[in-house]
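See structure below.
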Amino acid sequence: MWRVYLAELRDSWPAWLGVSLTFIVTNLSFANSSLVLASGWAAVGSGQLALNDSAEFTAAPITNYVFSAIVALVVISGGARMVVDSRRGALARLALAGASPRQVIASVLVQLAAVSLACAVIADVIALVTLDPYLGFLTTGVESGLEIAKPAPVYALGQMLLANLGVVAVALIGGYSQARRAAAVTPVEALRQASGGTEFRMRPVRWVFAILGGLLLIGLFAAIGPIASARTSETVSTLLQLSIVALMVFVVVVSLLAPLLIGPLTQAWTRILPIPDPAWTLTRLNLAARGAQFARSAVPVIFTVGLMFGLLSIFPTIYATSLINEFPGGVVTLDKANLGAVLSLVGPALAIALAGAVGNVFMMSKRRDAELALLGITGATPGQRQRMAVLEALILTVTSTMLGLLAYAVMAGYLALSFSQAGYTPALSVPVSAWLVAVLGTTLVLVAATYLPTLRALGQPEPRVVAAMVGQ
């Protein structure tokens, strides 16, 4: 059977290549954290770094494991589903050849593990090359002028390989449900449903985890009072970190409720806009018909926008609050070390989410090419079809931004309540740069990922594009 698994792996590489960026970034996050952690603890053990000053090198990497794993579970699951949907015919032939459901599951899991390990090689090289400058970035500009020596880089290959295996575990957990779904589809149904991927429902497991996430969010808000009443030197720092956790938990809950939220929200706001362009109408109707794939593509974008808003607004909020309340010791400085600390917590998860968004949009390109080719056969002009590709990215960004803003509102509410409970007057601040980077930056990335892959298909005869889609 291993020969069959290897043959399936060779045939599936083009499909997995579309989502490989997610695996590279996830492996890079884990590998980088393992090397920083090894360097930090070595510096503490040798006396080079005091334990009280080592949070960026000891505690932050552990938190980064958790945040990155949470985002990667959601993003890899969505990417694996798109790969499975794109290979329904191959999976059907595998079942028709006599493979049992367990063997079909094993085939998909072998592919997940192989792709993760192959991407780990690229990520490990990057982590090793960038370790020394990254340690320098985390060390430079410590608040209040305190000088902390940069830990000597420790190239712990064993710990890095364990981190790679951790990513494999995350990939297998995230993709297992998709492997089971692939094995549960009957061969005849898989061959008949060429488009595939139309099912995206609220299954019981989604309800269970969504409810658990909601309870955890309630618990985080309930913990503000006891933490604020303690009034230690770490009170504000702890509440700031928990505000980021609240944002993450909310986005996870939104991703679990995506089948209920994203489609209706998109249809609602696109329907009320009075845009007479036929390309707009066709795009809106196409996305409504492609609701399941569109909803899954929106999930990593919501992570991206929500985390970006939180990352780019938390420091201005601290700064504005310190100005109003005249914190002891003067205004809180927002230097590179503080930024590095938050980037080490949120940055890797943000990168995974953005990579997942690009990968999911790219995976939709073949079906998008076929749809645009069919519209060309029915009379749509090349200009209209090009605008449709751009409009699809814009609609995806706007819908995701709406839910990303809700995630930011949760974090902002947590910060406001935290400052109030701690005896300070809250002053929330969202600079224009946060809007430009979070919304405009994400839009440009998604437009490029949506529009550029269509150019090749738009230059080919429409019947050939449709025939290639049908042949797959």
Side-chain angles (χ1 to χ4, degrees), residues 2 5-6 8-9 12-13 15-17 19-38 60-84 102-128 156-183 205-206 208-209 212-213 216 245 248-249 251-252 255-256 299-300 303 344-345 347-353 355-356 359-360:
W2 277 103
Y5 294 158
L6 293 176
E8 283 293 302
L9 181 60
S12 65
W13 267 111
W16 287 109
L17 191 61
V19 295
S20 61
L21 183 61
T22 302
F23 289 90
I24 294 175
V25 175
T26 304
N27 273 287
L28 179 59
S29 171
F30 274 61
N32 184 272
S33 296
S34 67
L35 295 178
V36 171
L37 188 62
I62 297 174
T63 307
N64 178 39
Y65 283 135
V66 178
F67 284 177
S68 296
I70 291 173
V71 177
L73 279 172
V74 177
V75 173
I76 288 177
S77 177
R81 179 163 189 145
M82 287 192 166
V83 172
V84 168
R102 181 176 299 180
Q103 290 171 328
V104 174
I105 292 175
S107 174
V108 176
L109 295 182
V110 166
Q111 294 171 35
L112 277 166
V115 172
S116 181
L117 291 173
C119 293
V121 176
I122 301 173
D124 289 350
V125 172
I126 298 174
L128 291 171
L157 299 181
Q159 294 186 32
M160 189 170 63
L161 292 178
L162 287 176
N164 297 151
L165 295 178
V167 178
V168 172
V170 170
L172 294 179
I173 294 172
Y176 181 71
S177 61
Q178 308 308 325
R180 289 190 59 184
R181 189 177 64 87
V205 66
R206 280 184 172 270
V208 170
F209 281 107
L212 290 176
L216 177 57
V245 175
M248 293 280 293
V249 172
V251 176
V252 170
S255 70
L256 292 169
V299 168
F303 268 106
S344 66
L345 292 174
L350 173 61
I352 293 171
N360 284 4

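In what follows, every heavy atom counts, from backbone to side chain, and hydrogens, waters and symmetry copies are set aside.
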Taken to the nearest 0.5 Å, the spacing of L157 CG from L128 CG works out to 6.5 Å

By side-chain hydrogen bond (donor to acceptor under 3.5 Å, both in side chains), S20 pairs with (sequence neighbours left out) none

Here the pair of heavy atoms bringing A179 nearest to L109 is CB-CD2, 4.2 Å

dist Y176:OH -> I105:CD1 (nearest 0.5 Å) comes out at 5.0 Å

For R206 and L256, the nearest pair of non-hydrogen atoms, with its separation, is NH1-O, 2.9 Å

Residues passing the side-chain hydrogen bond (donor to acceptor under 3.5 Å, both in side chains) test with S107, sequence neighbours excluded, are Q111

Between G174 and L73 the two heavy atoms that sit nearest each other are N-CD2, 3.7 Å

query: Any side-chain heavy-atom pair from M248 and V71 closer than 4.5 angstrom?
result: yes

Heavy-atom nearest pair, L28 first then A127, reads CD1-N, 3.7 Å

### Exam field: side chain S33 to backbone S29, donor-acceptor pair closer than 3.5 Å
yes

- side chain to side chain contact (heavy atoms under 4.5 Å, CB included) assessment of M82 paired with N360: CA-CA 7 Å; M82 287 192 166; N360 284 4; 3.9 Å; yes

d(I122 CD1, N27 CG) to nearest 0.5 Å is 9.5 Å

Is it true that a side-chain atom of S34 and a backbone atom of A31 form a donor plus acceptor pair closer than 3.5 Å? yes

Heavy-atom closest pair (G175 atom, L112 atom, distance to 0.1 Å) is CA-CD1, 3.6 Å

CD1 (I352) and CD1 (I76) are apart, to the nearest 0.5 Å, by 7.5 Å

Heavy atoms of I24 and C119 approach each other most closely as CG1-CB, 3.6 Å

Residue set satisfying ring pair (Phe, Tyr, Trp, His ring centres under 6.0 Å) with F30, at least two apart, ordered chain then number -> Y65

Interatomic distance, CG@L21 vs OG1@T26, rounded to 0.5 Å, equals 9.0 Å

Quiz prompt | Side chains of N164 and L161 in contact at under 4.5 Å (non-hydrogen atoms) | solution = yes

Any donor-acceptor pair under 3.5 Å linking the side chain of S255 with the backbone of V252? yes

